[in-house]
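In what follows, chains are A, B, ... by sequence order, proteins preceding strands, each numbered from 1.
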Number of protein chains: 2
Amino acid sequence: MGTTTTKGEQTRAALIEAAFELFSRQGYHATTMRQIAERTGLTPGSIYNHFFGKDDIFLSVLSAYHPLNQFSSFMADSKAETTEQFIRLLAEQVTGELEDQPGLLNLFFIEMVELDGQHLPSLVEEFRSQVMAFVQRVSSGPVQSRVLPIKAFRVFLGLILAYELSDRLVQEALGDEEIDQGGLDDFVDVYLHGILEPKDKVKKEP
Amino acid sequence: MGTTTTKGEQTRAALIEAAFELFSRQGYHATTMRQIAERTGLTPGSIYNHFFGKDDIFLSVLSAYHPLNQFSSFMADSKAETTEQFIRLLAEQVTGELEDQPGLLNLFFIEMVELDGQHLPSLVEEFRSQVMAFVQRVSSGPVQSRVLPIKAFRVFLGLILAYELSDRLVQEALGDEEIDQGGLDDFVDVYLHGILEPKDKVKKEP
DNA sequence: CCTACCGATCGGTAGG
DNA sequence: CCTACCGATCGGTAGG
């Protein structure tokens, strides 16, 4: 690459990567500065040449690894023609990404629980443009969505969460038994068409 | 109540309650035995007359407060006639419960991240009968579900998660701005009928 | 970037 | 159930 990286920048990057692996596996408070240093081949004290402290490291990890980073490229590169195709493809890519990097979701939960969600607002802010792209895409297709696009986005996020978390639960519960692979399509089906047959469309009482 | 509780049992219960509040707010490792003792009016050392150690307390908290405890009573008491009513009512009750006790969800995430999900299998086992009740209910209604009931259940759990988590995110992001209250109905709508108009039912390529 | 070190605090125990 | 205490380990600093 044309970008030159100084030794210091390389060390900083190595620290962030090591910290990501430790944080996402053990949580924030269970991860020690000594562990991070050891993984990078440094002495604990040396870390403070690159970061103000432990929380500064976590903040850097969070911005480098937060789960919504690749959303935009997925959406920009999408070759889908219909809304249905678009949703299916996006769900596939996002869950694939989360499967490759299981720590991404953990990092999010750690921030929420152990750090009281203090960094969530800025994360949401960073993500705003990607939400808009999704909304634009869903509302401009040849077939309109039944619900407000922003609601559709929120439920879509939930779809991803539902698939990932229940997948972990099922795998944990079953152990070595049959693996309920590939259920993603069913999840997306429900998202697109609901669990009920169309004939069940009963008017709600006012 | 007719059940007599000894002093020791009362203290144990008080410890579990105090521990729940602290764990769910701060996480496992950030909560100290001294904090738990202080909240109960005890000396740190006294805790060990009731529990083997910190992890034993967490285990007790988890079984006393795990989020799926009230599911069964909700389903048993449901007066819903149609599947649609059943789902709507259940979603309302569960999210209402999670709103009253925000710690329930946190506890689940803490277990998953900080304790590596070691207790999840037993939790799932405890919950198995409730899953069966849901499946039974959805598959025996006058209107059949389009998807396998077990899948419908997994997506339903995701629906709840989606609503709760995105609600927290939105509230965190908006701060004092408009509060997007009551969007639960929209979430349930998507779950029941999908985001697409029925006319969009396009066959997937084989 | 390392050596050496600090005060603070942790989970847990002994003895009564 | 309390007093008193332990070894271990934590995040972070001083000085070079």
Side-chain angles (χ1 to χ4, degrees), chain A residues 4-64 107 110-111 113-116 118-119, chain B residues 4-64 107 110-111 113-116 118-119:
Chain A
T4 59
T5 54
T6 68
K7 187 79 184 299
E9 283 167 345
Q10 286 178 28
T11 302
R12 192 188 146 92
L15 281 168
I16 290 180
E17 186 182 342
F20 165 68
E21 288 167 11
L22 290 165
F23 281 144
S24 67
R25 252 184 272 178
Q26 307 173 338
Y28 180 79
H29 289 97
T31 297
T32 69
M33 299 296 273
R34 283 160 178 81
Q35 289 176 330
I36 298 174
E38 195 180 7
R39 278 217 171 206
T40 325
L42 293 183
T43 302
S46 304
I47 299 181
Y48 295 88
N49 291 319
H50 303 273
F51 298 95
F52 295 125
K54 193 179 177 182
D55 56 337
D56 187 30
I57 301 183
F58 186 80
L59 195 64
S60 303
V61 168
L62 203 60
S63 101
L107 211 61
I110 290 165
E111 152 67 22
V113 169
E114 288 197 84
L115 285 89
D116 212 33
Q118 48 182 298
H119 308 117
Chain B
T4 58
T5 55
T6 68
K7 187 78 183 300
E9 283 167 344
Q10 287 179 28
T11 302
R12 193 188 146 93
L15 281 167
I16 290 181
E17 186 182 342
F20 165 67
E21 287 167 13
L22 290 165
F23 280 144
S24 67
R25 252 184 273 177
Q26 306 174 337
Y28 179 79
H29 289 97
T31 297
T32 69
M33 298 297 273
R34 284 159 177 81
Q35 289 175 330
I36 298 174
E38 195 180 6
R39 277 218 171 205
T40 326
L42 293 183
T43 302
S46 304
I47 299 182
Y48 296 88
N49 292 319
H50 302 273
F51 297 94
F52 294 125
K54 193 179 176 182
D55 54 338
D56 186 30
I57 300 182
F58 187 80
L59 195 64
S60 302
V61 168
L62 203 60
S63 99
L107 212 59
I110 291 165
E111 152 66 22
V113 169
E114 287 197 86
L115 286 90
D116 212 33
Q118 47 183 297
H119 309 116

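Counting only heavy atoms from C-beta outward, the side chains of A:V113 and B:V113 never approach each other to under 4.5 Å. Between A:Y28 and B:H29 there is no side-chain heavy-atom pair separated by less than 4.5 Å. When side chains are defined from C-beta on, A:L15 does not count as touching A:I57, because their heavy atoms never get closer than 4.5 Å. Between A:E111 and A:F23 there is no side-chain heavy-atom pair separated by less than 4.5 Å.
Within 4.0 Å of B:H50, counting heavy atoms only, lie sugar-phosphate atoms of the nucleic acid but no base atom. Here B:T32 lies in heavy-atom contact (under 4.0 Å) with sugar-phosphate atoms only. Within the 4.0 angstrom heavy-atom criterion, no nucleotide atom of any strand lies near A:I47. At a threshold of 4.0 angstrom between heavy atoms, the contacts of A:T40 with the nucleic acid are absent. Within 4.0 Å (heavy atoms only), A:S46 reaches at least one base atom of the nucleic acid.
In terms of position along DNA chain C, the nucleotide closest to A:N49 lies nearer the 5' end than the nucleotide closest to the other residue of the pair A:N49 and A:R34.
Here CD1 of A:I36 is found 10.5 Å from CZ of A:F58. Values are rounded to the nearest 0.5 Å.
Of the nucleotides present, C:dC1 is the one that pairs with D:dG16 by Watson-Crick or G-U wobble criteria, both distances under 3.5 Å.
Side-chain atoms of A:T43 do not come within 3.5 Å of backbone N or O of A:S46 as any donor-acceptor pair.
Scanning DNA chain D 5' to 3' for nucleotides with an atom closer than 4.0 angstrom to a non-hydrogen atom of chain A gives a first and last hit of D:dC10 to D:dT13.
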